Amino acid sequence: MKTSRLFTSVLLLLCILSYPLSSYGVGSKDNDENEKEVTTRILFIFDASQSMVGRWQSGTKFQVATNLFNRILDSLEDKSNVQIALRLYGANSVYPPKDCNDTELKVPFSEGGVDNIEKVRKTLAYVRPKGTSPIALSLQESINDFPPCEDCRDLIVLITDGLEECDGDLCAIAKALKRANLSLKPFIIGIGKDYHEDFDCVGTYFDASLEYQFVQALELIVSLALNSTSYHIELLDLKKQPKVSNVAISLYRDKQIESNFIHSIPKDGTKDTMAIDPIPTYKFVVHTIPPIIKEEVKFKAGKHNVIKIPASQGYLWFRTPGNLNNRNKVECIIRQTGKHQTINFQRLGSKERYLTGCYDIEILTRPRIYLDNVCVNENLTTMVEVPASGIASFTKGSAGYGTIFYEPSPGNIEWVYNLNPENYSTEHIYLLPGNYRVVFRTKKADKSVFTIEKKFKVNAGKTTNIKLYK
């Protein structure tokens with residue numbers, strides 16, 4: 001028997017069959033006008049167990065749920081391409097004893113849509129909740145409630161005020177639905193108590209505590225049911241296989257941002273399907289580095305659309321031995337080869353994904369390092385070895401003007417850094433290993449002849465002391 005609860009939860013399991021839908025890729029020219037209209041079939045699984053006689057807000061749980069449910073049915077009466085059916089559990093056997101087989105298809109699918117809606121209403125009007133809750137078994141039995149159909153889009157809506165009571169495993173049943181060629185895409189709405197963990201393996205949980213939120217949940221499912229236009233995005237590797245994922249994607253609708261999401265490939269092998277309004281024109285921005293922009297995307301109404309986007313990626317890893325404090329402060333500028341636009345700043349010592357291709361790199365060490373045509377290969381890591389810096393410690397004695405030059409070869413110098421003219425004591429500068437010169441004149445000395453010039457050498461991971469006074 002269900003214990004008395006101060007909650008009513010509504011588990012809405014939206015199960016979209018993996019039937020052979022027409023795929024539509026960006027740029028597809030498939031415009032077959034003879035394709036049949038998709039029929040949407042909705043199986044409502046309704047809780048008629050004894051706990052449904054408990055109070056909600058304006059009446060018993062079953063009365064309130066039935067009345068609100070009938071309002072949703074009103075919106076389906078004029079839909080010629082919609083069929084509904086009704087399965088009840090807990091409606092036949094009085095508890096106790098517990099009858100864990102108490103689930104029955106009361107109103108099967110029929111082409112007479114309006115007639116079936118009336119049958120569902122009449123059936124619910126005579127139901128007196130009295131049994132237990134074999135939720136898992138009801139979902140399992142629902143597999144057989146859908147007659148064979150090549151042009152149907154099938155959904156399951158389960159309405160219940162509690163959890164499984166017959167030791168059924170909802171997670172296992174979700175896998176069974178998949179093996180039966182059903183692709184599970186659930187929505188879970190709980191009232192009064194958060195049951196997120198209980199339903200984590202079967203879908204997305206929404207908390208609701210008021211009757212109007214129950215209506216909103218049903219309206220959402222019906223909206224998805226009537227809008228049979230859906231899509232999923234396939235990010236392709238070099239073999240044109242949809243194996244790239246975990247990338248942020250922005251969807252723009254009529255040039256306005258519509259949504260942002262992280263691309264996913266579900267572990268159970270299903271498609272990450274989303275509903276969409278087919279009327280507007282869309283733009284997708286895949287936030288790889290650099291980003292991929294897909295303009296003027298149009299969806300085929302009443303079909304499942306597959307958006308295929310090449311997005312092969314590999315890794316860049318900037319590695320330097322030791323000297324951790326310095327490497328965490330050094331940025332690497334990344335540009336596509338032959339282009340001037342900076343596409344990323346990457347910290348020395350880090351690893352980041354990039355689209356396969358070649359890049360020009362500027363590493364902001366002192367002196368800077370320039371690397372051209374560094375290529376990233378699919379699923380591989382390109383390592384860029386950067387020498388560890390050393391420290392040049394300048395003791396000034398008084399404030400003054402100074403400049404550091406790098407000397408890559410005798411007599412050939414490159415500007416590296418200007419010392420801080422306000423600093424009158426000691427200044428520490430990270431420099432790459434090599435030969436350097438420094439010129440320095442104190443503020444007090446007003447003639448160029450008083451300039452001091454010194455040569456010094458920097459070694460990796462070591463400190464070189466330079467005294468800027470005679």
Side-chain angles (χ1 to χ4, degrees), residues 10-22 24 32-46 64-88 105-125 127 139 142-159 182-187 189 203 211-231 273-280 298-305:
V10 182
L11 170 62
L12 301 174
L13 294 177
L14 174 58
C15 302
I16 305 175
L17 285 180
S18 297
Y19 57 89
L21 287 168
S22 299
Y24 179 68
D32 186 359
E33 299 295 337
N34 296 321
E35 290 182 272
K36 296 181 180 179
E37 183 181 37
V38 174
T39 297
T40 298
R41 301 188 297 186
I42 311 173
L43 172 66
F44 293 97
I45 303 178
F46 219 104
V64 173
T66 300
N67 291 338
L68 298 178
F69 176 65
N70 284 333
R71 288 166 51 185
I72 300 300
L73 292 181
D74 292 341
S75 66
L76 300 177
E77 286 187 331
D78 61 342
K79 309 299 181 184
S80 60
N81 62 332
V82 176
Q83 298 179 17
I84 70 168
L86 176 67
R87 171 176 284 274
L88 297 176
L105 179 64
K106 292 289 188 179
V107 181
F109 286 108
S110 171
E111 293 184 1
V114 176
D115 293 338
N116 245 34
I117 289 175
E118 188 60 30
K119 290 178 183 178
V120 169
R121 284 200 183 99
K122 289 182 178 179
T123 299
L124 290 174
V127 171
L139 286 172
S142 70
I143 295 174
N144 301 317
D145 294 345
F146 295 92
C149 178
E150 294 184 358
D151 300 296
C152 290
R153 183 170 182 262
D154 297 343
L155 298 89
I156 296 175
V157 178
L158 172 62
I159 302 173
L182 276 81
S183 177
L184 188 65
K185 184 67 175 178
F187 297 86
I189 303 174
E211 294 172 5
Y212 81 89
Q213 293 171 316
F214 174 84
V215 175
Q216 288 179 338
L218 285 175
E219 288 177 342
L220 171 63
I221 297 302
V222 170
S223 175
L224 291 172
L226 298 182
N227 179 12
S228 58
T229 301
S230 60
Y231 77 99
T273 300
M274 294 172 279
I276 197 164
D277 181 353
I279 298 176
K298 296 182 179 180
F299 290 91
K300 199 172 203 180
K303 304 296 176 184
H304 183 72
N305 300 256

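As the structure is a computational prediction, the values presented were derived from the model and not from experiment. All heavy atoms count here, side chains included; hydrogens, waters and symmetry mates do not.
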Flag side-chain contact, heavy atom, 4.5 Å: L155 against R41 = no

Any side-chain heavy atom of I276 within less than 4.5 Å of one from N305?
-> no

Is there side-chain contact between H304 and T273, with at least one heavy-atom pair below 4.5 Å?
-> yes

Residue pair I45 / S142, side-chain heavy-atom distance below 4.5 Å | yes

Distance from K106 atom NZ to K119 atom NZ, nearest 0.5 Å?
-> 14.5 Å

Are N116 and L86 close enough, and set up right, to give a side-chain contact (heavy atoms from CB on, under 4.5 Å), and what steps lead you there?
-> CA-CA 9 Å; N116 245 34; L86 176 67; over 6 Å; no

Min side-chain heavy-atom separation V127-F46 under 4.5 Å | no

Take V120 and F69 through the side-chain contact (heavy atoms from CB on, under 4.5 Å) test and state the conclusion after the steps.
-> CA-CA 10 Å; V120 169; F69 176 65; 3.9 Å; yes

Under 4.5 Å between any side-chain heavy atoms of I84 and L76, yes or no?
-> yes

Assign the ring pair F299 / Y231 to parallel, tilted or perpendicular, where the plane angle (0 to 90°) is split at 30° and 60°.
-> tilted

Heavy-atom distance under 4.5 Å between the side chains of R121 and D74, does that happen here?
-> yes

Would you name the heavy atoms of A85 and L105 that are closest together and state the gap between them?
-> CB-CD1, 4.4 Å

dist S75:OG -> I117:CD1 (nearest 0.5 Å) comes out at 8.0 Å

Answer yes or no: is there a side-chain heavy-atom contact under 4.5 Å between V64 and L68?
-> yes

Supply the atom-to-atom distance N67 CG to I72 CD1, rounded to the nearest 0.5 angstrom.
-> 12.0 Å

Of all heavy-atom pairs linking P147 and D145, the shortest is CD-O, 3.3 Å

Backbone N or O of T40 within a donor-acceptor pair of the N81 side chain at under 3.5 Å?
-> no

Closest approach of F146 to L43 (non-hydrogen atoms, all atoms of both residues) | CZ-CB, 3.7 Å

Could you walk me through whether E211 and V215 pass the side-chain contact (heavy atoms from CB on, under 4.5 Å) check?
-> CA-CA 7 Å; E211 294 172 5; V215 175; 5.9 Å; no

